[in-house]
Amino acid sequence: MIRITLPDNSVREYPEGVTGLDIAKSLSNSLAKEVLSVTVNGEVYDLTRSINEDAEIILNKWDSEDGMHAFWHSSAHLMAEALEALYPGIKLGIGPSIDNGFYYDVDPGEGVTITDSDLPAIENKMKELAQQQNTFVRKVMPKKEALEHYTRKGDQYKVELLNDLEDGTISFYTHGNFTDLCRGPHLPHTGYIKAFKLLSVAGAYWKGDERNKQLTRIYGVSFPKQKMLDEHLAMLEEAKKRDHRKIGRDLELFTFSHVVGSGLPMWLPKGAQLRERLEEFLKKVQREHGYEQVITPHIGQKELYVTSGHYAKYGEASFRPISTPAEGEEFLLKPMNCPHHCEIYKFKPRSYKDLPVRMAEFGTVYRYEQSGELHGLTRARGFTQDDAHIFCRPDQLKEEFTKVIDIIFVIFKALDFKDFIVQISLRDPHDKEKYIGSDENWEKSEKAIIEATREKGLEASIEYGEAAFYGPKLDFMVKDALGRKWQLGTIQVDYNLPERFDLEYTGSDNQKHRPIMIHRAPFGSMERFVAVLIEHTAGKFPLWLTPEQVVILPISEKVHNYAEKVLNLLKNCDIRALIDLRNEKIGRKIRDSELKRIPYLLVVGEKEAENSTVSVRKQGEGDKGSMNLQDFVKFAKQEIEKQLEDISK
RNA sequence: GCCUCUUUAGCUCAGAUGGUCAGAGCAGCUGUUUCGUAAACAGCAGGUCGCGGGUUCGAAUCCCGUGAGAGGCUCCA
């Protein structure tokens, strides 16, 4: 007998070789129906895999990631089985579960393409196979035998995968006629997979390397119940409605024109207003933190970027240089602001007493992003960074770094971004060639970031190989409506540019010293930040920020005079108000204003005009009853002022 | 840049197998209506069907090229 410890710390005895499913059944029938995988001493097992020693176990249902991933992973196998049946000779790459479903990368063979229109047929085959309720059987095989098998089969991708694996740990899963190299774990049988949908077809380079062949990736998602699938698909539809590209058009915030060029956003009046308000807000916070605004030109000599190292790294993949007609001098559209700021630093000799120097600029930059990468405002070719560079002494580095974290917190709190991910991006220790600068400086800056992050009590993941080529970064990522991660705030430590631009300050010892640079952008870029803000708020911006705060809706022409009076009063109190004088019924005016996400709607008719009142509606909440006009003005002003106070705290 | 898909009026979309297929709703304009809390009624106007070639007696529809967009991959100073 072995001793099994359950999550509530109770201990039960079972015969050796007992399975997770056996244990679930012994606890309750309903549990046995819901459980999907079992975690045994920290390792996730199939429910049907025997447990041979004392263990602490957790039975994973759909509500746990380990349960869900077993489900999706098994779904990927089911799909692969269907694909093998429908496309003889198809070769399989990898087929994992992901955050919201699963995919399989396949090579359908020369001249065979799988398109969206083929997905229903694959789904039908999957349905048919799922109904057979084939059990997943795990088998461990020596590497040699496995290699022989796949070599014989001509499955070059699996052979490649096998070559990277340690012998002795190689497991295979078989269900029905389908066998796959796989770590597992899997569901007991395919019948668990009751509801699924194949979502899209995409190209994906083998092993994520663009030098390799591009395989066909099929994405899908599956659930234990049809109702859950329906809800998930409905949720995806809802998410599409929050897409910043759609809301941006509906609310007249920004637009693109293929005549101007792809990836070059143009801010419409309301969007420009919104953006300027955000910029003013950040400027104020930065002033309080000792920053000074600077302004630099949109172009710079090519030499500037040769010096900075950017030209060597990105020159070939950038917009081509522009040149002067007479002299043929080459200039680049600036892809970043730091070299210009370095030159401002050099404007005069600096003393250790002057540091830190904090130079801020809303700098518009242009980068040649690959055409397939452009994505609304989140990935554009022209965008404005809320950039700043801090030039400081080594002894100031950590404090300056943590102060930047504080600013980012102020911004995120002000705009109610609660779910952000913090990522420390370090260099790839196996590929140091990609980076410039000495090992010593890299180690110093990586250490500084890790320490500052720890001192701030931030839970950060460490990603190797994600650093900028000149230094490590601390990134703040936020997800969009469809769960895609975008980097917003970023802080980067840089020892390299000061060296390359030969930046100096005179120390208390009267010797020349090298300052350290911190690059930072709390919003990241105005474009990307506004995009994510739109998707988070669904266009319902906070009162202090929204371009139109109050709309006055007269019921008929008879009260236009009174309505105009209300408008002027609000405007005089610096409330952004507008009036709807259209010859429309009140229901229509309300609807249109609601769709424009205007926070307050003031309905005024003859009753209101007589008593100097307004009938107040709050967006999304309906009728709030009538209010004295003066009282409403006071109330609205107070609410706006309170918001502004709160966000600057 | 690569893979798959899409591209018809400002927006959302109809337009089997090429032949009154250039349409609808909303928005716009003009009238009528002066109205109490999420779409009044009527009329009018709007498009060389992304662009350029080709096949055909005939192309929105088929083929080739190209632009733009979507979902991914790669990339992201």
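The sequence lines fix the lettering, A, B, ..., with proteins before strands; numbering per chain opens at 1. Computation of the quantities below employed the complete heavy-atom set of this structure, encompassing side-chain atoms and omitting hydrogens, waters and symmetry-equivalent molecules.
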Polar contact flag, side-chain donor to acceptor under 3.5 angstrom, [X]-[Y]:
X      : Y      : result
A:W486 : A:D480 : yes
A:S97  : A:H69  : yes
A:T613 : A:N628 : no
A:Q492 : A:Y470 : yes

Comparing A:A202 and A:C338 on RNA chain B - which has the more 5′ nearest nucleotide: A:A202

Classify the nucleic acid contact of A:S200 as base, sugar-phosphate or nothing, counting any heavy atom under 4.0 Å across all strands shown. sugar-phosphate

With a 4.0 Å cut-off on heavy atoms, is A:H519 in touch with a base, just the backbone sugar-phosphate, or nothing at all?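 If one applies the 4.0 Å heavy-atom cut-off, A:H519 turns out to touch nothing in the nucleic acid.
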
[atom1] atoms of [N] and [M], separation to the nearest Å:
N      : M      : atom1 : value
B:rG53 : B:rC76 : C1'   : 37 Å
B:rU55 : B:rG69 : P     : 32 Å
B:rG10 : B:rG31 : C1'   : 23 Å
B:rC13 : B:rG50 : P     : 15 Å
B:rA14 : B:rG25 : C1'   : 11 Å

Is there side-chain contact between A:F102 and A:P96, with at least one heavy-atom pair below 4.5 Å? no

Minimum-distance nucleotide (side-chain atoms of [X] versus [options]):
X      : options                : value
A:K558 : B:rG1, B:rC35, B:rA70  : B:rC35
A:Y219 : B:rC35, B:rC73, B:rC5  : B:rC73
A:Y368 : B:rC76, B:rG71, B:rG1  : B:rG1
A:S318 : B:rA77, B:rU34, B:rG71 : B:rA77
A:Q214 : B:rC75, B:rC3, B:rA77  : B:rC3

For nucleotides 14-18 of chain B, which of its nitrogen or oxygen atoms have a protein nitrogen or oxygen under 3.5 Å away, and what is each distance?
none

A:K334 bridged to A:E361 by N-O distance under 4.0 Å: yes

For the salt bridge (Lys or Arg N to Asp or Glu O under 4.0 Å) test, which of A:K91, A:R217, A:K213 pairs with A:D107? A:K213

[X]: which residues meet the side chain to side chain donor-acceptor pair (under 3.5 Å) condition with it, sequence neighbours left out?
X      : value
A:Y345 : none
A:Y305 : none
A:E110 : none

Go through the steps to decide whether A:F223 and A:H232 satisfy the test ring-ring contact (aromatic ring centres under 6.0 Å, His included), and finish with yes or no. CA-CA 9 Å; A:F223 293 91; A:H232 180 78; 5.2 Å; yes

In whole Å, I'd like the distance from the [atom1] atom of [X] to the [atom2] atom of [N].
X      : N      : atom1 : atom2 : result
A:E210 : B:rC3  : CD    : C1'   : 13 Å
A:D243 : B:rU12 : CG    : P     : 12 Å
A:L215 : B:rU4  : CG    : C1'   : 14 Å
A:Y103 : B:rG71 : OH    : P     : 18 Å

Kindly say if [X] contacts the phosphate of [N], meaning a side-chain N or O under 4.0 Å from OP1 or OP2.
X      : N      : value
A:R249 : B:rU12 : yes
A:R211 : B:rC2  : no
A:R367 : B:rC75 : no
A:R484 : B:rG72 : yes
A:T216 : B:rC3  : no
A:T115 : B:rU4  : no

Using a cut-off of strictly less than 4.0 Å between a heavy atom of the residue and any atom of RNA chain B, enumerate the qualifying residues of residues 380-389 of chain A by number. none

Could you check which residues of residues 463-474 of chain A get a heavy atom under 4.0 Å from RNA chain B? Sort them by number, please.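 Heavy-atom cutoff 4.0 Å gives A:A468, A:Y470, A:K473.
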
Evaluate the side chain to side chain contact (heavy atoms under 4.5 Å, CB included) criterion for residues A:Q423 and A:S461: first the C-alpha distance (whole Å), next the side-chain angles of each, then the deciding distance (0.1 Å), finally the verdict. CA-CA 5 Å; A:Q423 177 179 312; A:S461 67; 4.0 Å; yes

Stems in RNA chain B: runs of 3 or more consecutive Watson-Crick or G-U pairs, distances under 3.5 Å? B:1-7 with B:67-73, B:10-13 with B:23-26, B:28-32 with B:40-44, B:50-54 with B:62-66

Check whether any side-chain N or O of A:R514 sits under 3.5 Å from a backbone N or O of A:L503 as a donor-acceptor pair, and report yes or no.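 Pair found, side chain donor or acceptor close to backbone of A:L503.
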
Is a side-chain donor or acceptor of A:D209 paired with a backbone partner of A:R211 at a separation under 3.5 angstrom?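 Here the side-chain-to-backbone pair exists.
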
Taking only residues at least two apart or on different chains, which pairs with a member in residues 244-261 of chain A satisfy salt bridge (Lys or Arg N to Asp or Glu O under 4.0 Å)?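 Residue pairs passing salt bridge (Lys or Arg N to Asp or Glu O under 4.0 Å), neighbours aside: A:D243-A:R245, A:K246-A:D250.
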
A:F319 vs A:Y314, test: ring-ring contact (aromatic ring centres under 6.0 Å, His included). Steps then yes/no. CA-CA 10 Å; A:F319 282 118; A:Y314 294 104; over 10 Å; no

Tabulate below the donor-acceptor pairs under 3.5 Å that side-chain atoms of residues 382-392 of chain A make, not counting sequence neighbours, or state none.
{"from": "A:T384", "atom 1": "OG1", "to": "A:R275", "atom 2": "NH2", "distance (Å)": "3.0"}
{"from": "A:T384", "atom 1": "OG1", "to": "A:T364", "atom 2": "OG1", "distance (Å)": "2.9"}
{"from": "A:Q385", "atom 1": "OE1", "to": "A:N337", "atom 2": "ND2", "distance (Å)": "3.2"}
{"from": "A:D386", "atom 1": "OD1", "to": "A:F523", "atom 2": "N", "distance (Å)": "3.4"}
{"from": "A:D386", "atom 1": "OD1", "to": "A:G524", "atom 2": "N", "distance (Å)": "3.0"}
{"from": "A:D386", "atom 1": "OD2", "to": "A:F523", "atom 2": "N", "distance (Å)": "2.6"}
{"from": "A:D387", "atom 1": "OD2", "to": "A:N337", "atom 2": "ND2", "distance (Å)": "2.9"}
{"from": "A:H389", "atom 1": "ND1", "to": "A:H341", "atom 2": "ND1", "distance (Å)": "2.8"}
{"from": "A:H389", "atom 1": "NE2", "to": "A:H519", "atom 2": "ND1", "distance (Å)": "3.2"}

Taking side-chain hydrogen bond (donor to acceptor under 3.5 Å, both in side chains) as the cut-off, I'd like each qualifying pair that reaches into residues 590-600 of chain A, sequence neighbours left out, listed once.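 The answer is A:R582-A:D592, A:R588-A:D592, A:Y600-A:E639.
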
Return the OG to CG distance between A:S626 and A:D631, rounded to the nearest 0.5 Å. 10.5 Å

Under the ring-ring contact (aromatic ring centres under 6.0 Å, His included) rule, what do A:F469 and A:Y435 come out as? Steps first, then yes or no, please. CA-CA 4 Å; A:F469 74 98; A:Y435 310 92; 8.6 Å; no

Using a 4.0 Å cut-off on protein heavy atoms (strictly under), produce a 5'-to-3' string for nucleotides 36-41 of chain B with B for base contact, S for backbone-only sugar-phosphate contact, and - for none. BBBBB-

Protein N or O to nucleotides 44-50 of chain B N or O, pairs below 3.5 Å:
none

